[in-house]
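Report on the following structure.
These numbers come from a predicted model, not from an experiment.
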Amino acid sequence: MKEAVVQGDPAATERQRGNGKLTVRERIDLLLDAGSFHEIEPLRRHRATGFGLEARRPHTDGVVTGWGTVDGRTVFVYAHDFRIFGGALGEAHATKIHKVMELAERAGAPLVSLNDGAGARIQEGVTALAGYGGIFQRNARASGVIPQISVMLGPCAGGAAYSPALTDFVFMVRETSQMFITGPDVVQAVTGEKVSLDGLGGAQVHASVSGVAALAYDDEASCLEDVRHLLSYLPSNNRELPPVVPTADPPDRPTGALLDLVPVDSSRSYDMHAVIEEIVDDGEHFEIQPGWAPNVVCTLARMDGHPVGVIANQPSALAGVLDIHASDKAARFVTLCDAFNIPLVTLVDVPGFLPGVAQEHDGIIRHGAKLLYAYCNATVPRIQLILRKAYGGAYIVMDSRSIGADLSFAWPSNEIAVMGAEGAANVIFRREIAASDNPDEVRALRIKEYRSELMHPYYAAERGLVDDVIDPAETRAVLIRSLEMLRRKHADRPSRKHGNPPV
């Protein structure tokens, strides 16, 4: 056993450190509570022959597997050891991963993978590929059953990249981790494009351009620290409620600062993060994918100690419109929260969907439908709060009462309508305006008329589409009381194998 733990070519260890990377056991020690790791199959070796493999049979076969605790809660882990076969996956290596994945599912505990491998072990041929297939199948089976977190600490190329893509969260480290299906050399040979490893699939690319990564970090220690923090918001499995953390932040704390944070003029911008921080416990939240599709904010927070998922339009980015990427991002987050019993709070200040030929041709209808489907399918407690404007289809999609929100509240500054007053007046009264001797005066009059008739703060409430118009200073108290009432919510769904969501 000692040989399995301390083994490793000293030169390989030095190369690992020279590349700015920790060793496999140092990483596990950072992830798990001190002294809690229980390793399984540390003495396993491959049985392959040919290409010199029979002369190289190190213990662990290049992957360390087992379980431990994070803040006292059981967590399973597998971690590639790049010093052994470059962390490449062979038959024995894959079998160890399959086993720990099955144990995690049976035990109902989160699974964290620490990825630092060179892909399939070429010397073992198709058996290595079959090993990846087994991982993918288990990823899919455990999806929505236990939290699955992939931490990218080195290269991940080819088919190997699909396992992280199947998990709930992907964390990456800048400069040292990359993910791509075909490497820079192949890309250049096929398309003529010359690109670096990081430029093709580095952490910053996936955190801000592709949306593959939830978060990117400058070093492994801070990355693994945040993995631990993320786990504190999540239940161990889909049969449990997320863990409650005591808080000294009073549930009825006034939130009068919101009156200064959010301009009444719906054309003025502000930072939605400040609103969220004023509402949630101690101003703390854990944002997912902050660098991708910033026009929607998806973040985990606590209210009266209970985790909640907050989805919010961000007026400081693209005026908070919904576009293709924002719809995908929010849909994925809604589905995640619903899978793990995390209530949803949706903060609405949306002018609509982003218009444009590119958006239409790239499928904004299909992508927007993903968010609509995710909300309609969610059975956790759902509360909508309309801060200012909520126009058109985007109002419906942002968890309106009509698609199943349990409760909908609005501030007195709310404007709920098919479109803004200016656009509506131009459509409804276009002939009258065109025929007038003073079009500007008539237009202004009709805009005022439309706003007073159909966009006054109590219009939706009078028709039962908003449950109450509340004082912004009471926002936190109202939301917490409502979430408490809904905590034991149960919703049955029609008997079916599964739905057919837009993809």
Side-chain angles (χ1 to χ4, degrees), residues 250-256 258-259 261-262 264 266 272 275-276 278-281 297 301-304 306-313 320 322 330 334 337-338 341-352 371-372 374-418 451-492:
D252 57 353
R253 169 174 54 80
T255 51
L258 294 173
L259 293 166
L261 292 173
V262 181
V264 175
S266 62
M272 184 62 79
V275 174
I276 295 169
E278 179 66 17
I279 293 171
V280 303
D281 291 353
V297 176
R302 290 186 178 87
M303 301 194 74
D304 198 24
H306 295 266
V308 296
V310 179
I311 302 96
N313 306 112
L322 289 177
V334 168
C337 291
D338 185 52
N341 307 312
I342 300 173
L344 295 166
V345 174
T346 303
L347 306 180
V348 184
D349 192 347
V350 62
L371 180 53
L372 182 61
Y375 269 125
C376 290
N377 208 45
T379 60
V380 292
R382 293 158 50 189
I383 300 176
Q384 180 196 52
L385 173 64
I386 301 167
L387 281 63
R388 296 193 309 185
K389 55 189 174 294
Y391 295 158
Y395 153 68
I396 302 172
V397 170
M398 289 296 290
D399 206 18
S400 63
R401 278 282 303 280
S402 60
I403 65 169
D406 297 295
L407 292 168
S408 176
F409 300 106
W411 287 355
S413 53
N414 81 82
E415 297 179 356
I416 307 172
V418 175
R451 183 174 280 117
S452 64
E453 290 291 329
L454 296 179
M455 294 178 64
H456 65 77
Y458 300 97
Y459 185 84
E462 290 172 357
R463 285 151 181 80
L465 297 174
V466 167
D467 290 285
D468 198 6
V469 177
I470 66 172
D471 184 343
E474 298 178 357
T475 298
R476 174 175 164 84
V478 168
L479 291 177
I480 288 176
R481 286 199 303 266
S482 301
L483 289 167
E484 174 62 28
M485 179 273 292
L486 290 166
R487 193 146 288 134
R488 291 169 181 81
K489 174 186 174 183
H490 175 76
D492 289 320

Check: Considering all heavy atoms of both residues, which atom of Ile279 and which atom of Met303 are nearest to each other, and what is their separation?
Finding: CG2-CE, 3.3 Å
Check: Does the pair Leu258 and Val275 meet the rule for a side chain to side chain contact (heavy atoms under 4.5 Å, CB included), with working shown?
Finding: CA-CA 6 Å; Leu258 294 173; Val275 174; 3.8 Å; yes
Check: Which atoms form the tightest heavy-atom contact between Val380 and Cys337, and what is the distance?
Finding: CG1-O, 4.0 Å
Next item on the list: Looking only at non-hydrogen atoms, find the nearest pair between Ile386 and Ser408 and report the distance.
Entry: CD1-OG, 4.3 Å
Check: Side chain of Thr255, backbone of Pro472: donor and acceptor closer than 3.5 Å?
Finding: yes
Next item on the list: Evaluate the side-chain proximity of Val466 to Tyr458: yes if any heavy-atom separation is below 4.5 Å, no if none is.
Entry: no
Notebook entry, point to check: Donor-acceptor pair, Asp471 side chain versus Ala473 backbone, under 3.5 Å?
Noted result: yes
Notebook entry, point to check: Counting only N and O atoms by type, is there a donor-acceptor contact under 3.5 Å from the side chain of Thr379 to the main-chain atoms of Asp492?
Noted result: no
Note to self: Nearest 0.5 angstrom please: Gln384 CD to Leu407 CG, how far?
What the structure shows: 10.5 Å
Checklist line | Atom pair CG/OH of Asp349 and Tyr391 - distance to nearest 0.5 Å | finding: 9.0 Å
Check: Of all heavy-atom pairs between Ala405 and Asp399, which one has the smallest distance, and what is that distance?
Finding: CB-O, 3.2 Å
Notebook entry, point to check: Can Asn313 and Leu322 be said to form a side chain to side chain contact (heavy atoms under 4.5 Å, CB included), step by step?
Noted result: CA-CA 8 Å; Asn313 306 112; Leu322 289 177; 4.1 Å; yes
Notebook entry, point to check: Can you check whether Leu465 reaches Ile416 side chain to side chain, under 4.5 Å on heavy atoms?
Noted result: no
Notebook entry, point to check: Say you draw a straight line from CD1 of Ile311 to CG of Leu344; how long is it, rounded to the nearest 0.5 Å?
Noted result: 4.5 Å
Next item on the list: Find the distance between NZ (Lys389) and OG (Ser266) and round it off to the nearest 0.5 Å.
Entry: 5.0 Å
Next item on the list: Spell out, as yes or no, whether a donor-acceptor pair under 3.5 Å connects the side chain of Asp406 to the backbone of Arg382.
Entry: yes
Check: Any side-chain heavy atom of Pro381 sitting closer than 4.5 Å to one from Arg487?
Finding: no
Notebook entry, point to check: How many angstroms lie between NZ in Lys489 and CG in Leu483, if you round to the nearest 0.5 Å?
Noted result: 11.0 Å
Next item on the list: Grab the two heavy atoms, one from Pro343 and one from Pro307, that are nearest each other, plus how far apart they are.
Entry: CD-O, 3.4 Å
Next item on the list: Starting from the C-alpha separation in whole Å, work towards a yes-or-no answer on side chain to side chain contact (heavy atoms under 4.5 Å, CB included) for Val334 and Thr346.
Entry: CA-CA 10 Å; Val334 168; Thr346 303; over 6 Å; no
Checklist line | Test applied, salt bridge (Lys or Arg N to Asp or Glu O under 4.0 Å); reference residue, Asp281; option that passes from Arg253, Arg476, Arg302 | finding: Arg476
Next item on the list: Starting from the C-alpha separation in whole Å, work towards a yes-or-no answer on side chain to side chain contact (heavy atoms under 4.5 Å, CB included) for Glu278 and Thr475.
Entry: CA-CA 9 Å; Glu278 179 66 17; Thr475 298; over 6 Å; no
Item checked: Close side-chain approach of Arg401 and Asp467, heavy atoms under 4.5 Å -> yes
Item checked: Side chain to side chain, Ile396 and Ser402, heavy atoms closer than 4.5 Å -> yes
Check: Which pair of non-hydrogen atoms, one from Ile342 and one from Gly309, has the smallest distance, and what is that distance?
Finding: CG2-N, 3.4 Å
Note to self: Do Val469 and Trp411 have side chains that approach each other closer than 4.5 Å (heavy atoms only, starting at C-beta)?
What the structure shows: no
Item checked: Separation of Ile403 CD1 from Met398 CE (nearest 0.5 Å) -> 9.5 Å
